[in-house]
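Residue numbering restarts at 1 for every chain, and letters A, B, ... go by the order of the sequence lines. No hydrogens, no waters, no symmetry mates; every other heavy atom, side chains included, goes into these values.
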Protein chains: 2
Amino acid sequence: MAKTDVLSLAILGMLAEQPLHGYQIRKRLSGELGPFRALSYGSLYPCLKRMVASGYIAADDSNSTDVTRPGGSKRSRIAYQLTDAGTDRLARELASSGASSWDDEAFDVRFSLFGKTDSETRLRILEGRRTRLAERLEDVAEGLARQRDRLDAYTAELQRHGLERVEREVEWLDKLIEDERSATRGTDHHTASAGDK
Amino acid sequence: MAKTDVLSLAILGMLAEQPLHGYQIRKRLSGELGPFRALSYGSLYPCLKRMVASGYIAADDSNSTDVTRPGGSKRSRIAYQLTDAGTDRLARELASSGASSWDDEAFDVRFSLFGKTDSETRLRILEGRRTRLAERLEDVAEGLARQRDRLDAYTAELQRHGLERVEREVEWLDKLIEDERSATRGTDHHTASAGDK
DNA sequence: GTTAGCATGTAAGGAGTTACATGATTTT
DNA sequence: AAAATCATGTAACTCCTTACATGCTAAC
């Protein structure tokens, strides 16, 4: 288990704020995470089903308050909400930078949940992501050096642009890391910081 | 058919320069396209197989020049090269901005083949890509406006950063488009052009 | 002589998409 | 009353990765 697929984590985080039904989850997910992620229903509903089966969320199919029809089959709108197990699961997930939060997608989801994450973990994730990008940078630079001559102008430009993009993301991370550190110094530092490690 | 999967296009383009064997193709592919694409063998070899079956490439399993062994089974190193059909296919693919070249991945591959693409097609692809990104920009801006209040600081920052990234890519494309246009005016325009700039 | 890297492949499976199929509710 | 949009779901398929399985060749 523990193989937290990214989607279910995002859903857990979303349901922590309020119960939602599938259709709403999809819209928010699409909006919340950058210009990415158009997530299809064919992906979402089976995931919700699995999560119900695992006991992390409960389907509240109350067609409810208005039982005019004998068959009672209005059927639309199934609201999902976190169970206790789901709340636990989310808390555990949020506390550890567990199953690789460094991939592009996983990082975005983790980052969008930073509001519910403690500052130590935030820092760990930001630094992990930074390390990962720095490695990529090295790989590319190395690759470039090895085959420099064989590259036509367009391929070289593509490389340059890709490199630039990653460099900018590293700068972004550096800024965030710095902010995080100064915020920590200011506020919730509980153990004295004297020292070594 | 016609459903040009990206990988096979990249391979066609690569083999147009020289015959290569699978292992080499993979290394180049990994290097050539930005910091992306680590492409596994489990993906590559079946694709090569399909392409052989379709007649676009030929497998030259010559263990050849050195037939000391009676069984002749050295087996390593299968060089692939374009067939006539493959050359045709590549030419057709390169001439049309066919099956959506606007996705992130497809665009990168198409761009890396710009050296073999005529300038009209180059322009069409660059502009198509630009349009696609501008649309995304609109979608995000709209989404942002609609839910502005419900966003915590981190999610908002993620959005902002995503937006910035796309904006930069649009700028990059604008620069390329401009270059492409002025190059066209300068050189391969057969109606004269005494240039200013 | 053993490790590291070159070289080819297959099988199982994950994660998602498209297309389909259905029906309720709101807006025009 | 028609059209748009809300709402849920399934089945088939695509594309890719991981893990496995094999063997050659160069370097240390």
Side-chain angles (χ1 to χ4, degrees), chain A residues 1-11 19-30 33 36-53 57 59-64 66 68-69 71-80 99-100 103-106 109 146, chain B residues 1-11 19-30 33 36-53 57 59-64 66 68-69 71-80 99-100 103-106 109 146:
Chain A
M1 49 163 172
K3 231 246 156 185
T4 315
D5 89 86
V6 193
L7 178 54
S8 64
L9 176 58
I11 292 173
L20 293 166
H21 54 264
Y23 197 86
Q24 287 177 311
I25 291 174
R26 193 220 181 200
K27 290 201 84 180
R28 298 216 177 175
L29 228 43
S30 297
L33 271 37
F36 332 90
R37 251 352 52 177
L39 192 68
S40 65
Y41 297 118
S43 208
L44 175 61
Y45 285 113
C47 180
L48 286 169
K49 220 176 177 181
R50 281 195 305 274
M51 289 172 78
V52 170
I57 62 178
D60 179 16
D61 191 350
S62 59
N63 36 332
S64 72
D66 188 70
T68 15
R69 285 117 193 288
S73 62
K74 267 186 69 197
R75 186 253 206 171
S76 266
R77 264 176 150 65
I78 299 173
Y80 293 95
S100 45
D103 302 315
D104 295 322
E105 313 205 342
V109 170
R146 241 192 300 104
Chain B
M1 46 158 181
K3 230 247 158 183
T4 316
D5 89 85
V6 193
L7 179 54
S8 64
L9 176 58
I11 293 172
L20 292 166
H21 53 266
Y23 197 87
Q24 288 176 310
I25 290 174
R26 194 222 181 196
K27 290 199 83 178
R28 298 217 177 176
L29 229 42
S30 297
L33 271 37
F36 332 91
R37 242 17 33 186
L39 193 67
S40 64
Y41 297 119
S43 208
L44 176 61
Y45 286 113
C47 179
L48 287 169
K49 218 174 178 181
R50 281 195 304 273
M51 290 172 78
V52 170
I57 63 178
D60 179 15
D61 191 351
S62 59
N63 31 334
S64 69
D66 189 69
T68 16
R69 285 117 193 289
S73 62
K74 265 186 69 198
R75 186 253 208 173
S76 267
R77 263 177 149 68
I78 299 174
Y80 293 96
S100 46
D103 301 316
D104 296 321
E105 313 205 342
V109 170
R146 241 191 301 103

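The backbone N or O of B/Leu7 sits less than 3.5 Å from a side-chain atom of B/Asp5, completing a donor-acceptor pair.
Residues B/Leu29 and B/Ala10 approach most closely at CD1-CB, 4.0 Å, considering heavy atoms.
Atom CG in B/Leu9 sits roughly 13 Å away from atom P in D/dC15 (whole-Å rounding). When the C1' atom of C/dT25 is taken as reference, atom NE2 of A/His21 falls 12 Å away, rounded to whole Å. Rounded to whole Å, the distance from CG on B/Asp103 to P on C/dT17 is 12 Å. Atoms CD (B/Glu105) and C1' (C/dG16) sit 13 Å apart, rounded to a whole Å. In this structure, B/Gln24 places its CD atom 13 Å from C1' of C/dT8, rounding to the nearest Å. Distance OH (B/Tyr80) to C1' (C/dG9): 9 Å, rounded to an integer number of Å. Whole-Å rounding puts the A/Arg26 CZ to C/dG16 P distance at 14 Å. B/Tyr23 has its OH atom 14 Å from the P atom of D/dA26, to the nearest Å.
Qualifying side-chain contact (heavy atoms from CB on, under 4.5 Å) partners for A/Gln24, counting only residues two or more places apart in sequence or in other chains: A/Leu20, A/His21.
Taking OH of B/Tyr80 as the start and CD1 of B/Ile11 as the end, the distance is 9.5 Å to the nearest 0.5 Å.
The side chain of B/Ile78 lies closest to C/dG9, out of C/dG9, C/dC6, C/dG16. Comparing C/dA15, D/dT17, C/dC6 by their closest approach to the side chain of B/Lys27 singles out C/dC6.
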Using atom types as modelled, flag every donor-acceptor pair under 3.5 Å from a side chain in residues 40-51 of chain A to any protein atom, sequence neighbours excluded.
residue	atom	partner	partner atom	Å
A/Tyr41	OH	A/Arg26	NH1	3.3

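DNA chain D is contacted by B/Ser40, B/Gly42, B/Ser43 of residues 40-53 of chain B, taking any non-hydrogen atom closer than 4.0 Å.
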